Structure formats: C-alpha cells, structure tokens
Amino acid sequence: MFQLNVRGLSCQRAENILFSGISFALEGGAWLHVKGRNGAGKSTLLRTLAGLVRPASGVVTFSGRLGPAVRRVLCGHQAAVKRELSAEENLRVGIPGDSPASAAQVQAALTKVGLGKAASVPARYLSEGQKRRLVLARLLLQCADLWLLDEPVNGLDSDGVELLGLFLREHLANGGAAVVTSHQPLPVAVGKSLAL
Amino acid sequence: MNRWLHFASPQRFYPLAGRLMPWLVVSAALLALAGLAIGLLIAPSDAQQGEGYRIIFVHVPASWMSMFIYLVMAFWAGVGLVLNTRLSSMMAQALAPTGAMFALLSLLTGALWGKPMWGAWWVWDARLTSELILLFLYLGFIALYSSIEDPSRADRASAVLALVGAVNVPIIYFSVKWWSTLHQGASVSLTRSPSMAVTMLWGMGIMVLAFWAYAIAVALARVRCIILEREARAEWVKYAVE
Amino acid sequence: MPWNSHWVGVADFLAMGGYASYVWISIGACALAVLIESLQLRRRHRAAARRVSQLRGEA
Amino acid sequence: MSIFSLTLRRDLLLVIREPAQGMAVLAFFVMAASLFPIGVGPESALLRRIAPGIIWVAALLAVLLGLPRLFEADFLDGTLEQMVVGPVSLGLLVLGKIVAHWLSTGVPIVLLSPLLAIQFSLDRDSLLVMVGSLLPGTLLLSLIGAIGSALTLGLRNSGVLVTVLVLPLYVPVLVFGAGALEADLAGMDAAAHLYLLVALLALALFFAPWVTAAALRIALE
C-alpha cells in the first residue's frame, strides 16, 4: 500500500522560516486538504513534496509498493502549456518525459475534459479556463500516484470544478493520493486537512 | 569532526573572527614592512633591469594571491554547496572582492613594470592575459551572487559558477599560453623573472605572507559584515553588536 | 643606511635608479587599495550594525 | 524513444513553429561580421589576415545572443518546472535541449560562414578548416553557455549577466577555434588546434549537462 510520510518538516524562504514541525502520513486512496492564509507557505510545501525545494529540516519519505521512484505530478499556478503547440501536441510532446500516450488516449482525454473539438487549435488561442482543462487532461494521461494540486480550482468554471472532483474521486478510487491546496471547497468527500 | 563543526555556525564564528582580526592585521602590517625593507633596501639591483625590477615585490605576490584566493573561494563555495553550510558560502563571497582587488593590482603593477622595461603599458603576455581573464571570472562571480535576492539561491548558484571557473582556470591559462607563444614567440615575457638573488626571494616570500595575512583579515571582516546583514533578525545578533 | 645596502642617501633611494615614479606608484597603489578596502569594510560594518540595532529597537 | 531524442524533437518543433528569433540570431551573425570590413577598410590582404578572428568572434556572440532560447521560454510558461519534477534524467533532457539549440543556432551559422569567407576573400581550401572548427566549436559554445543561462534563469538582468559569466569561459574555445583557421591561413597545420578543440568539446559534453541540470534545480528552488 503506497504511503507518504512527512516528519518534522520545516521550510525557509529567504532566511525566514515559513512553517516548521509539519508531520503527517497519507496512504493511497486518501487526500489532504492544505489550508492557510496567503504566504503561509502552502505552495512551498507542495514544491517540497514534489522534490523541487530542499526543506530546511525534516524528512519526506515514500514507502510501499511503488518501485524506485514514486510518480508524482505538480500542478502549480502556471498552466504549463506551450503556446506554439496545439492542444493535442501539448499533451503528446509538450513535457518530455511524460508517459508516452497514443493518439487515441490523447483524443479520449481531450474529449473527457471537453476540448475534443479544440485538439488541433494552437494553445495560444485557448482561454485560461481551457488551458486549465488541458492541464486536467494531462493529469489523466500522466497516471501519477501522488497528485500535488496548487489551487486547482483557479480559472475553472462550475462544470470544470465538477470535472476536477470527478477525476480526483477516480484517482483516489484506484489507490492514488493527493495533496491539494484550495480556498474553495472541493466536490470530494472531506479528507484529512492540514492548517499551515 | 565535531570540534571543527563547532565553529561552523555563524553565531560562534562571528566572535572568533572578531578576536582573530587584530592579530592578522598587525602581522600583515609587520610582514609588509619587513618585506618592503628587504625588497627596497637590502635586495641588490638587478643586472638588466636596474632598480625598476623592485615592482615584483608587489606584483608577484598580488598575482599569486589573486590565483590562490580564487581556488580557496572555489573550495569554500564547493563546501557550502555540498554540506549546505551557509557560513562556507559566506566565506566564499567574502573572499571574492579581495581576490578581484589583487587581480586588479597585479594588472596595474604589471603594466607599471612593463612600461619602463618594454616600453608598453600592456603586453599581451600569457601571464598578464590570463590574469585579466581571472579578473573577469571574479567579476562574473560577484555579479552573479549580487544579482540574486534569495541568499540560498545566490550561495548555491555562485558556488556552481566558482567550481566551473576553478576547473577552467588551468584550461584558460594553458590556452592563453599556447596562444601567446604561437603569435609572439617567447622573446618578451614576464614569466622569465630576473635571476633571483637570495634576498630577493626572501623579500618576495615575506610580501606574499603579508598579503596572505591581510587577505584573511579582510575576508574575516567582510564575512562578519555579511553575517550581520543576513542574520539581522536573528536573536543572537542583537547582543553580538556592541 | 642600515645593513650596508647600496643606497647612497635618501634622495638616491627615492630616485629608485630613475624608476621612481613606476616603483612608488605601484607600491602606493597597493597601499591605497588596502586603505580603500579597509575604510569601505568599516563603513559597511557600521551600517550593518546600525541596521541590527534599528531592528532591535522595532522588536 | 529516449528522453534525449524526445526533447531534441520537441525543441526543434518549437523552433520551426517560431523561427523568428532563430533568424534574428543568424542575421546578427552575418551583420556583425560584415561590419568589420566597413570599419577596418576593404583591402583584401588585411581582411584575409583578420578573417579568422572576425568570423569566430561573430559566431561566438551570435551563439551568446541565442542562449536565452534554451530555457527562458520554458521557464516562463512553467513547462521547465514540469520537466524538473518529472521522473526523467534531467541531464539527458538538458543535453537534448542543448543539441537542439546547437542545431537551430550553431549549424546555420556554420552553413552561412562560407558566405562570409567570400567577403573576407578566403580561398576555397581554408573553408574546410573554418567549417571544421566552427562545427564542434559552436556546440562547445552552446554547452558552456547552457550553464550560464541556467544559473541566471529568471533574474531580471539575465541577458547581460549571462555574458559576464560565460565570456571568460569562452576564451579557450576562441583561442583554439580561431587559431585553427589562422594556422591554416598561415600555411601551418591546423590539426593540433582542432584536436584540442574537440578535446574541450568532449570534456564539456561530459560535464556540462549535469552541471546545467544542477543549476536548473537551484534556479527553480
């Protein structure tokens, strides 16, 4: 059973401590809702879990069945989309290293998020909301174990949020875990929560 | 190992540096006086260059120190990067301006030496040219860490640059030497210093020690400033400042 | 002159065998650089200390 | 397909989609080199003598000008962060980007250089040495430049800062590159220069990718 445990985590930004003594455990199938005021370090916590930021102190370990590296994915404030590439190309080659998806899988993911018709439209012509949906489609294709979502609701309209809830529930159902920061409530069963 | 780590925290190092500095400043001054006395008073005049050669008593120590300080700086930067100890990166940043100053002094005294001896302020000699490039490496290092706000990124990014620079220093020196012998032949070169009488060697040796003591004193003073600037909000700093 | 050095007198010593300007400017430049660096460091230290006590005042 | 070729094809696709900046770098190369005859005077004997230095310095500055294309765009739209988080070897990914940068900047420079050779009245058989020195040379410039552009990623004055960091490291490349062409023009054998240039290239090919990857991780922290 996949498990993420964090013990005594503390992070710094430019010499001042953001948070310290954060400890929690998260198994497959559960999600953690991180709350806190602006500047409390929610994003830094997610980036630390993603392996981008080196914590000032504390330990982040992944145990369980997941082979050498836990496949984690981070959705930050920016929708990581290349303007020159079309929606479909963004999913196929936009991020080198994603698990290679066939054209059919890409098309299926696009239709699932309601961008089926916009597959060949260069991403520069997509609205901010559509770009957010493209990020959701990528989430499906990456089939990662740990989702690290930073304010995923931003930029999504009401049925976009519904989609997010649906995907999150599916992800948790087949054993994935998620750490989510969000001000608005999410249409998912209330999981653990952590206040920074 | 623990003994050594004891002083690795800025809090304990700050007073230690304060106590060491006066001793170093005094010994630097005494050594400099002794070195100059030997160099200017006692050392005999040189066969070909007469009295003008005495500039080497400041030129050679300056260029030697500029090279030595760069390697020490790269060492501390590497230690700071690997062990993630902030103090080592601060020490590297404290050494950089002094190293750049020595490189500049070496170029200036090299020109002042070249003018009477070879009639030109600037000679594209292998040593002077690589000294110039060493100065550019220093300026690159200083420019990088001073244009990054976040101290931890500044430390680590400048450490990478210092290490890359340190690897390149021998390559640059070799390529410039190859280039200068290719174009101009080895006739005119500062490297072939005049035949060294014993007192000359003593004079230069003592001047190197004087510059060395001075460099450490200044580095300690600057590292204290950096500690104060970066740890201004820390508790202990409030009582460390008289 | 002490230690039987070959200088005849102070004037001869200062003339430095005709290279007076080059030798003394070189040494002077080093001394000037040391002076400037020391003054600059002292000013920087004092400014940092003032900043710290200013923060202490606010805390 | 390995991460290297995936990234290489991706970056080349991006270059083809937005060729404007690539063209600007090539235009700079030709214009910068053409300014010197105007500045120095048209007599071909003199131009022949300074041609190696001019062509090489112009190529070096053109590659330097093209360095932001390596990471800047991906950093600004967040894709670089996704690549660093991804489970792939960042060093190989970076090598893919560097080779793509070389193919879109260095190689066109090499293809254009015969045009300049005519301007500087170089004879035909020294063209071979020129191309032979510029081809590995520009890759070497991209490799070293990648370290500089990764270190200065996202800084407000990164354009000029990259130059200050990287130019001193470009000196050996310039010495051996321009030296090869010059030796050939002087009738001497240019092989020694080319061997040393390729030796430096081998060193950079081994070290630069993972040093750049480390610099990227530091920049994205």
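Order of the sequence lines sets the chain letters (A, B, ...), proteins ahead of strands, with each chain counted from 1. Only this structure's heavy atoms are used, side chains among them; waters, hydrogens and symmetry mates stay out. Quantities reported herein were computed from a predicted structural model and do not represent experimental measurements.
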- Item | Note, D/Leu161 side chain near D/Leu151 side chain (heavy atom, < 4.5 Å) | no
- Message: Less than 4.5 Å to any heavy atom of chain D: does that hold for the side chain of A/Ala79, its backbone, both, or neither?
- Response: backbone
- Min side-chain heavy-atom separation A/Gln107-A/Leu91 under 4.5 Å: no
- Given side chains that start at C-beta, do those of A/His171 and A/Trp31 come closer than 4.5 Å, heavy atoms only? no
- Note on the structure: Interface check, chain A: of D/Ile3, D/Leu14, D/Leu13, most non-hydrogen pairs under 4.5 Å belong to D/Leu14
Between these two chains, chain A and chain D, I want each donor-acceptor atom pair under 3.5 angstrom written on its own line with its distance.
unit_1: A/Arg47; atom_1: NH1; unit_2: D/Glu81; atom_2: OE2; d: 2.3
unit_1: A/Arg47; atom_1: NH2; unit_2: D/Leu220; atom_2: O; d: 2.4
unit_1: A/Leu74; atom_1: O; unit_2: D/Gln82; atom_2: NE2; d: 2.6
unit_1: A/Gln78; atom_1: NE2; unit_2: D/Leu76; atom_2: O; d: 2.5
unit_1: A/Lys82; atom_1: NZ; unit_2: D/Asp74; atom_2: OD1; d: 2.5
unit_1: A/Lys82; atom_1: NZ; unit_2: D/Asp77; atom_2: OD2; d: 2.9
unit_1: A/Glu84; atom_1: O; unit_2: D/Arg17; atom_2: NH1; d: 3.1
unit_1: A/Glu89; atom_1: OE1; unit_2: D/Arg17; atom_2: NH1; d: 2.8
unit_1: A/Glu89; atom_1: OE1; unit_2: D/Arg17; atom_2: NH2; d: 3.4
unit_1: A/Glu89; atom_1: OE2; unit_2: D/Arg17; atom_2: NH2; d: 2.7
unit_1: A/Gly94; atom_1: O; unit_2: D/Arg10; atom_2: NE; d: 2.7
unit_1: A/Gly94; atom_1: O; unit_2: D/Arg10; atom_2: NH2; d: 3.4
unit_1: A/Arg124; atom_1: NH2; unit_2: D/Glu18; atom_2: OE2; d: 2.8

- Message: Shorter than 4.5 Å, heavy atoms on both sides: which option in A/Val73, A/Leu148, A/Leu74 has the most such pairs with chain D?
- Response: A/Leu74
- Item | 4.5 Å side-chain heavy-atom contact, D/Val63 and D/Val25 | no
- Message: Within the supplied structure, the quantity of interest is the number of heavy atoms (other residues, nucleotides, ligands) at a distance under 6.0 Å from D/Leu128 CG; does it exceed 12?
- Response: no
- Item | Side-chain heavy atoms of A/Leu134 within contact of A/Val113, under 4.5 Å | no
- Engaged part of D/Leu80 at the chain A interface, taking heavy atoms whose separation is under 4.5 Å: neither
- Note on the structure: The interface call for D/Phe4 against chain A, heavy-atom contacts under 4.5 Å, is neither
- Message: Do A/Pro96 and D/Val88 have side chains that approach each other closer than 4.5 Å (heavy atoms only, starting at C-beta)?
- Response: no
- Message: Quick one, D/Val198 and D/Leu140 - any side-chain contact, counting heavy atoms below 4.5 Å?
- Response: no
